[in-house]
Amino acid sequence: MALLSYTILFLIPLITTFLARTFFSKTRPQTRHLPPGPLALPIIGHMHLFSSSPHHVLCKLAQRYGPIISLRLGSVPHVVVSSPEAAREFLRTHELAFSSRPQSFTNHYLGYGGHGFAFSPYGPYWKFMRKLCMSELLSGRSLGNLLPIRREEMHTFLLLLSRASDGVKAVNVSEELKLMVGNVISRMSMSRRCYGTEAEGVEIGGLVDEVSKLLMALNVGDFIRLFRDMDLQGLGKRMKVTHKRFDEIMEEIVREHEEKKEKDGVKDLMDILLEISEDESAEMKLKKEHIKAFIRDIFVAGTATTALGMEWTLSELIKNPRIIKRARDEIDSVVGKNRVVEESDIPNLPYIQAIVKETLRLHPTDSIILRESIEDCKINGYDIPAKTGLFINIWAIGRDPNYWENPLEFLPERFIDDNGRAQIDLRGQHYHFLPFGSGRRGCPGKTLAVQLIVTTIAAMIQCFKLKIDGNDEEEGGPIDMTVAPGLTLYRAQPLVCIPVARLDPLPLVAS
Ligand code: HEM
Ligand SMILES: *[C@@H]1O[C@H](CO)[C@@H](O)[C@H](O)[C@H]1NC(C)=O
């Protein structure tokens, strides 16, 4: 009896809410037709879904609710997109409407008021900086001019492996790849190595890692007004410390640039930005703060992503002896053994290109693309209001069984045709394969990233036999593929490699 009355006590409010809901939803004029989605929790909405591996959680939800889902983070509406068809609608049909990015408190602070680049709102400032970045750093011409930097940094890396290649010494490849990519970007943008340079007082590696983590963290205060000033996760405190140190180092480098300006003719990205900032008649007034934030954003967007692309490629190769053998045969027949592979060999290495694409399909290092709508729009019959956050789950899209046969298998052959020619490019027009996003906000660094990854991996397997995490490449074997929590697909464990010399790069790169 007691039990029953309790049950009734519970049922009354439930039934009333249920009735009230059906009643109101029938009578209240439906102004907006939002995509379906799971029930939201009070106050936090769906923020709990983002605690560990959002790409997994959102992929499961898509299986239940469909390719376009509504979620709320706190009080802010979001849409999750999980199929190639839906991605095409948002990224192509309604491209302009979704060309902005959500503005977070950390980004505002670290970007001296939202004046970075990768996370800037859509508008004239972003357009100006994007054009500049494309023409002065990432265009085909700039990349060509800056080739010697990439070659030197890769050779430095190969020589380091070579010195350790007695078959006994272990190298923390995760660390060394990060240093190499960081120094490439750092020399390309400001003519200075800033990774592994603690001794010179300009080390930014750890700071860039920390800034990336802060920018990719979901800050409760951004979504729930009540908590805005409370810094519940301690992000604000970390941000201030990192920002201050980063700023000091960048000030130092700016000063160097200002001092040496008159002396030689070779201009790097920072020189060009400083020139614009001094030019009264420039189209866009740049402050020194903006320059620092802009360059920092290029590090944040370009270093970890590219280094991780290399790490995941190595991880997949060491699991697959058949594939590493075919890759090495390709290099030996195209490049031979009398010189080290070069970027200019890439067009003749379709199989290695396919390996890298297949890696980015399974491990897109930015697992989810973040955008924000700038106007109301209607997509597939759903109303999407302005200022809605957009998550495009490119991890899920790359594993969509409607588009990929045996999606979980690592099969580079999908990316070459029967004649061995490369297939499915990276321009973002194949909506089932979007590791670099698509359209005007798509990754401007993809050519650089692919050149670096393909050449480095090719050179590593050309010069060395690899033993990674205790697995010899000829036998293959289990390797820990655990992904660390978060939106960026970091490996949970660093890759430790024991290189065994196959041909000695020293005389080859010295000549
Ligand atoms: C494997 C390596 C890389 C991957 C997987 C990657 C992936 C991405 C993705 C998914 C986006 C968002 C695209 C979108 O919203 O449609 C992006 C944006 C961006 N990436 Fe990359 N990226 C890589 C390397 C690089 C490199 C090497 C650089 C520069 C040196 C770079 C610079 C940027 C910048 C500046 C943005 C923001 C662009 C904007 O908002 O206009 N990325 N990247
Ligand atoms: C290897 O490098 C990674 C990435 O920099 C670092 O997090 C890790 O602690 C290093 N591990 C070892 C065993 O040195």
Side-chain angles (χ1 to χ4, degrees), residues 87 90-92 95 98-102 116-123 125-134 137-138 142-143 146 150 170-179 181-182 184-186 188-189 195-196 205-206 208-209 215 269 294-313 356-357 359-361 363-372 390-395 397-398 426-428 431 434-454 469 484 487-497:
F90 284 80
L91 291 174
R92 181 160 169 166
E95 196 212 332
F98 290 93
S99 290
S100 201
R101 301 216 195 266
F117 170 23
F119 305 89
S120 292
Y122 182 74
Y125 181 78
W126 167 81
K127 274 193 204 161
F128 180 78
M129 293 310 244
R130 170 121 186 165
K131 225 188 284 162
L132 201 83
C133 179
M134 286 314 294
L137 185 71
L138 301 171
S142 312
L143 289 180
L146 298 167
R150 299 195 291 284
V171 177
N172 185 345
V173 224
S174 300
E175 173 72 15
E176 299 304 333
L177 290 172
K178 192 172 81 183
L179 292 187
V181 176
V184 164
I185 293 180
S186 152
M188 282 176 59
S189 54
Y195 274 68
V208 170
D209 287 349
L215 287 173
L269 182 69
F294 176 73
I295 292 187
R296 193 212 51 218
D297 265 17
I298 292 175
F299 279 102
V300 169
T303 11
T305 44
T306 308
L308 285 168
M310 297 174 184
E311 287 184 45
W312 288 115
T313 308
V356 172
K357 288 178 185 167
T359 303
L360 292 174
R361 178 183 74 81
H363 314 277
T365 51
D366 284 342
S367 61
I368 294 177
I369 294 177
L370 305 181
R371 299 281 188 94
E372 188 184 79
L390 170 65
F391 294 118
I392 301 186
N393 191 345
I394 53 177
W395 180 87
I397 286 175
L426 287 154
R427 278 178 298 178
Y431 293 85
L434 295 170
F436 294 101
S438 176
R440 71 190 76 197
R441 259 219 93 163
C443 178
K446 56 180 174 284
T447 310
L448 171 63
V450 170
Q451 281 172 340
L452 282 172
I453 301 176
V454 172
D469 286 0
L487 291 170
T488 309
L489 302 184
Y490 287 94
R491 282 183 51 88
Q493 300 302 327
L495 277 184
V496 176
C497 167

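Start at 1 and go down the list; that is how both ligands and their atoms are numbered. Values below: all heavy atoms of this structure, side chains included; hydrogens, waters and symmetry mates excluded.
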Next item on the list: Say whether G445 and ligand 1 are in contact under the criterion: heavy-atom distance to a ligand atom below 4.0 Å.
Entry: yes
Next item on the list: Provide, to 0.1 Å, the distance between atom 8 (C) of ligand 1 and the closest protein heavy atom, together with that atom's residue and name.
Entry: D366 OD2, 3.3 Å
Margin query: For atom 26 (C) of ligand 1, what's the nearest protein heavy-atom neighbour? Residue, atom name and distance, please.
Written below: G302 CA, 3.4 Å
Next item on the list: Under the side-chain contact (heavy atoms from CB on, under 4.5 Å) rule, what do I369 and F391 come out as? Steps first, then yes or no, please.
Entry: CA-CA 6 Å; I369 294 177; F391 294 118; over 6 Å; no
Checklist line | Atoms of ligand 1 close to I298 [distance to a heavy atom under 4.0 angstrom, numbered from 1] | finding: 30 (C)
Check: Looking only at heavy atoms, what is the nearest atom pair of M188 and L137, with distance?
Finding: O-CD1, 3.7 Å
Notebook entry, point to check: Backbone N or O of L487 within a donor-acceptor pair of the S367 side chain at under 3.5 Å?
Noted result: yes
Note to self: Quick one: does any side-chain atom of R150 pair with a main-chain N or O of Q451 as donor and acceptor, under 3.5 Å?
What the structure shows: no
Item checked: Protein residue, atom and distance nearest to atom 6 (C) of ligand 1, heavy-atom basis -> F436 CD2, 3.6 Å
Next item on the list: Note the single closest protein heavy atom to atom 4 (C) of ligand 2, along with its residue, its atom name and the distance in Å.
Entry: E175 OE1, 3.5 Å
Margin query: List ligand 2 atoms under 4.0 Å from K178, heavy atoms only on the residue side.
Written below: 5 (O)
Notebook entry, point to check: Got the closest protein heavy atom to atom 27 (C) of ligand 1, with its distance?
Noted result: T306 OG1, 3.4 Å
Next item on the list: Please write down residue, atom name and distance for the protein heavy atom closest to atom 10 (C) of ligand 1.
Entry: P435 O, 3.3 Å
Notebook entry, point to check: Which pair of heavy atoms, one from R491 and one from Q493, lies closest together, and at what distance?
Noted result: NE-O, 3.0 Å
Notebook entry, point to check: Which atoms form the tightest heavy-atom contact between C133 and F117, and what is the distance?
Noted result: SG-CE2, 3.6 Å
Checklist line | Beyond-backbone contact of F90 with R371, side-chain heavy atoms, under 4.5 angstrom | finding: no
Check: Taking all atoms of both residues into account, what is the closest heavy-atom pair of D297 and A118, and its distance?
Finding: OD2-N, 3.0 Å
Check: Considering all heavy atoms of both residues, which atom of G116 and which atom of Y125 are nearest to each other, and what is their separation?
Finding: O-CE2, 3.5 Å
Item checked: Sub-4.0 Å heavy-atom contact, R101 with ligand 1 -> yes
Next item on the list: Report yes or no: does a heavy atom of W126 sit under 4.0 Å from some atom of ligand 1?
Entry: yes
Next item on the list: Check ligand 1 against F117 and write out every atom of the ligand that is under 4.0 Å from a heavy-atom position of the residue.
Entry: 35 (C), 41 (O)
Next item on the list: Under 4.0 Å from a heavy atom of P494: give me the atoms of ligand 2 that qualify, with their elements.
Entry: 1 (C), 11 (N)
Item checked: Close approach of P364 to ligand 1, heavy atoms, under 4.0 angstrom -> no
Checklist line | L138 and T447, any side-chain heavy atoms less than 4.5 Å apart | finding: no
Item checked: Per atom 43 (N) of ligand 1, closest listed option by heavy atom (S438, A301, C443, S99) -> C443
Next item on the list: State the atoms of ligand 2, each with its element, that fall below the 4.0 Å cut-off from a heavy-atom position in N172.
Entry: 1 (C), 2 (O), 3 (C), 8 (C), 10 (C), 11 (N), 12 (C), 14 (O)
Margin query: Checking contacts now, so for atom 9 (O) of ligand 2, which I'm interested in, is there any protein heavy atom under 4.0 Å?
Written below: no
Note to self: I'd like to know if the side chain of W312 reaches the main chain of L489, judged simply by a donor and an acceptor atom lying under 3.5 Å from each other, with no hydrogens or angles considered.
What the structure shows: yes
Note to self: I'd like to know if the side chain of R101 and the backbone of F119 have a donor-acceptor N/O pair within less than 3.5 Å.
What the structure shows: no
Next item on the list: Without swapping roles, check the side chain of E95 against the backbone of R440 for a donor-acceptor pair under 3.5 Å.
Entry: yes
Notebook entry, point to check: Under 4.0 Å from any heavy atom of A118, which atoms of ligand 1 are there?
Noted result: 37 (C), 40 (O)
Notebook entry, point to check: Nearest heavy-atom pair of Y195 and G205: which atoms, and what distance?
Noted result: CE2-CA, 3.4 Å
Check: Of the choices R130, M134, M188, K446, which has the non-hydrogen atom that lies closest to atom 38 (C) of ligand 1?
Finding: R130
Margin query: Can you confirm, on distance only, whether ligand 1 has an N/O atom lying under 3.5 Å from any N/O atom belonging to R440?
Written below: no
Margin query: I'd like to check whether T365 has a polar contact with ligand 1, where a contact means an N/O of the residue lying under 3.5 Å from an N/O of the ligand.
Written below: no
Checklist line | Protein heavy-atom partner closest to atom 1 (C) of ligand 1 - residue, atom, separation in Å | finding: T305 O, 3.6 Å
Item checked: Protein heavy atom at shortest distance from atom 14 (C) of ligand 1 -> R441 O, 3.2 Å
Notebook entry, point to check: Yes or no on side-chain contact (heavy atoms from CB on, under 4.5 Å) for R441 and F98, after CA distance, side-chain angles and deciding distance?
Noted result: CA-CA 9 Å; R441 259 219 93 163; F98 290 93; over 6 Å; no
Checklist line | Residue, atom name and distance, where the atom is the protein heavy atom closest to atom 34 (C) of ligand 1 | finding: P444 CD, 3.4 Å
Next item on the list: Give the atoms of ligand 1, by number and element, whose distance to some non-hydrogen atom of A449 is under 4.0 Å.
Entry: 2 (C), 24 (C)
